[in-house]
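Working notes, structure below.
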Amino acid sequence: MRYISTRGAAPALSFDDVLLTGLARDGGLYLPESWPAFSAAELRALRGRPYAEVAAAVMRPFIAGSVVERDFESMVRQTYARFDHPAVAPLKQLDSDLWLTELFHGPTLAFKDVALQLLGRLFDAVLQRRRRRLTIVGATSGDTGSAALEACRDSTQLDVFILFPKGRTSEVQRRQMTTVAAKNAHAIAVDGTFDDCQDLVKALFADQSFRDKYGLSAVNSINWARIMAQIVYYVTAALALGAPDRPVSFAVPTGNFGNVYAAYGARRLGVPIHRLLVASNRNDILYRFLQRGEMKIGAVEPSLSPSMDIQVSSNVERLLFDLTGGNGVAVAALMTSFRRDGGFALDAQRMAQVAEVFRGFRLDDAGTLRQIAETFRATGETLDPHTAVGVAAARDLAEPGVPTISLACAHPAKFPDAVERATGHRPALPARLADLFERPERAAELPNDLDALRRYVGDHAKGLTPA
Ligand SMILES: *Cc1c(COP(=O)(O)O)cnc(C)c1O
């Protein structure tokens, strides 16, 4: 399988190179040159099989030709054996036609683990083979950070630097990053918003000589391998509820559009997905885009669902590539206009294509608390604030006769303050994280400044020296 950039001006790469590279050299995101297709019979054959087996089957075409191909099945099996539920992404019923799929059974209690636990292994395998080291640099609005640090902590080939917006993550999220006791894992508190952190990372990657000297790479959702690994749980959930013989819809709490793009990927593979409900908090750039066809950046405002406090939803670029029929020049023009003017608009024909699948939804903090309280009262189930935004979207927009699966993106104990306000009870951390508040914290503090970041990474990364 070869991968091409959404902006059409970077070389096509193998899976291994896409994994290590993250962002394309022309600023675009990588996508498969052609999408594999699964027939209804092939999908039916996967129904009821263990998660790791479905995962290996779904991802196999995407890694064809990779050096990880031979050991892939055992890597996938080992990855998901670490999750604390045998189904990995179990389904729970909330209402007659409304379901949750729980994606928080990995080590850091959010869906990011599903992909990043696998990515850590893939990186190590490819880098060992090439006798190389890399420096992972990423920005997090909360959950990516701890998941990335956990995914890389045992690596012999990686140093990892994670920027988070100081004071804008929950305390549990912060502690999950600052308590990773590994010499190659660095948590950095930046005086700014998540978008500031993301802009710093992008600027660092744009510095070609620094990028080459330290072998910079990314594990945020611009990395194709993450999208690939996330496609899997859309397939398992849909199969469990009757696909391919019955369509399903998904409600996806979203910030960067990464998770919802993975759902779209499952649809492209042949899973009959009727609607994708794109659920935003008050940072509603995606909602406004889906309503009006205009992507217009606004100011980031903190909310009860901080992992969705984003105004630049990078993965929309992958959708734009499809909407323009794979026209990299057109995508590059839209993204340039977005950067330069703070927005772009799509014509009615393209928006009609978008509307065939996507519906937008937004919910403010009061609505989020109401949804947590109502779901708790009606079902006894405790939702985290991100999950609540998705469930509210599902309750508002689900169509009769089509099962709707809402993604439970984080464990409620990651956001105990919001949950306690809504339900009156404080959710407990699972046993394996019960001593989180006693573990010593360690983090660097940096201003919102590229030179400061450059210095810090330069001082702490081992660069490209072979292990
Ligand atoms: C990362 C995250 C999101 C947003 O996911 P995207 O892939 O950025 O759209 C939503 N909820 C939680 C709990 C998250 O960790």
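Computed from heavy atoms alone, side chains included, the values below leave out hydrogens, waters and symmetry copies. Every value quoted in this text rests on a predicted model; they were computed, and no experiment measured them. Sequence positions, counted from 1, serve as the residue numbers for this chain. One-based numbering, in listed order, for ligands and for the atoms of each.
- Atoms of ligand 1 found under 4.0 Å from any heavy atom of Ala410 (numbered from 1 in listed order, with element): 13 (C).
- In summary, Arg339 and Asp199 engage in a salt bridge, as defined by a charged side-chain N under 4.0 Å from a carboxylate O.
- No salt bridge links Glu294 with Arg288; every basic N to acidic carboxylate O contact stays at or beyond 4.0 Å.
- In this structure, Phe104 falls outside the shell of residues with a heavy atom less than 4.0 angstrom from ligand 1.
- Here the heavy atom of the protein found nearest to atom 5 (O) of ligand 1 is Phe111 CZ, 3.5 Å.
- Of the N or O atoms in Gly255, one or more lie within a sub-3.5 Å distance of an N or O in ligand 1.
- Ionic pairing of Asp26 and Arg7 is not present here: no N-O contact between side-chain nitrogen and carboxylate oxygen is shorter than 4.0 angstrom.
- Listed by number with element, the atoms of ligand 1 under 4.0 angstrom from any heavy atom of Lys112 are 1 (C), 2 (C), 3 (C), 14 (C), 15 (O).
- The aromatic ring centroids of Phe358 and Phe289 lie 6.0 Å or more from each other.
- Asp365 and Asn281 are not linked by any side-chain donor-acceptor pair at a separation below 3.5 angstrom, with hydrogens and angles left out of the test.
- Checking only distances, Met308 never comes within under 3.5 Å of ligand 1, N or O to N or O.
- Close contacts of ligand 1 with Thr254, meaning ligand atoms under 4.0 Å from a residue heavy atom, involve 9 (O).
- Defined by atom type and a distance below 3.5 Å, a donor-acceptor pair is present between the side-chain atoms of Glu317 and Thr6.
- Close approach of ligand 1 to Cys409 is summarised as follows: ligand atoms under 4.0 Å from at least one heavy atom of the residue are 11 (N), 12 (C), 13 (C).
- Near Ser307, with a cut-off below 4.0 Å to any heavy atom, the atoms of ligand 1 are 2 (C), 3 (C), 4 (C), 12 (C), 14 (C), 15 (O).
- In this structure, the protein non-hydrogen atom closest to atom 7 (O) of ligand 1 is Asn259 N, 3.0 Å.
- Close contacts between ligand 1 and Asp143 involve ligand atoms 12 (C), 13 (C), 14 (C), 15 (O) [criterion: under 4.0 Å to a heavy atom].
- Of the charged side-chain nitrogens involved, at least one lies within less than 4.0 Å of a carboxylate oxygen, so that Asp84 and Arg432 count as a salt-bridged pair.
- Asn259 and Tyr233 are linked by a side-chain donor-acceptor pair at a separation below 3.5 angstrom, with hydrogens and angles left out of the test.
- Of the N or O atoms in His386, none lie within a sub-3.5 Å distance of an N or O in ligand 1.
- Here the straight-line distance linking atom CG of Asp191 with atom CG of Asp196 works out to 9.0 Å at 0.5 Å rounding.
- Considering backbone and side-chain N/O atoms, Asn256 comes within less than 3.5 Å of an N/O atom of ligand 1.
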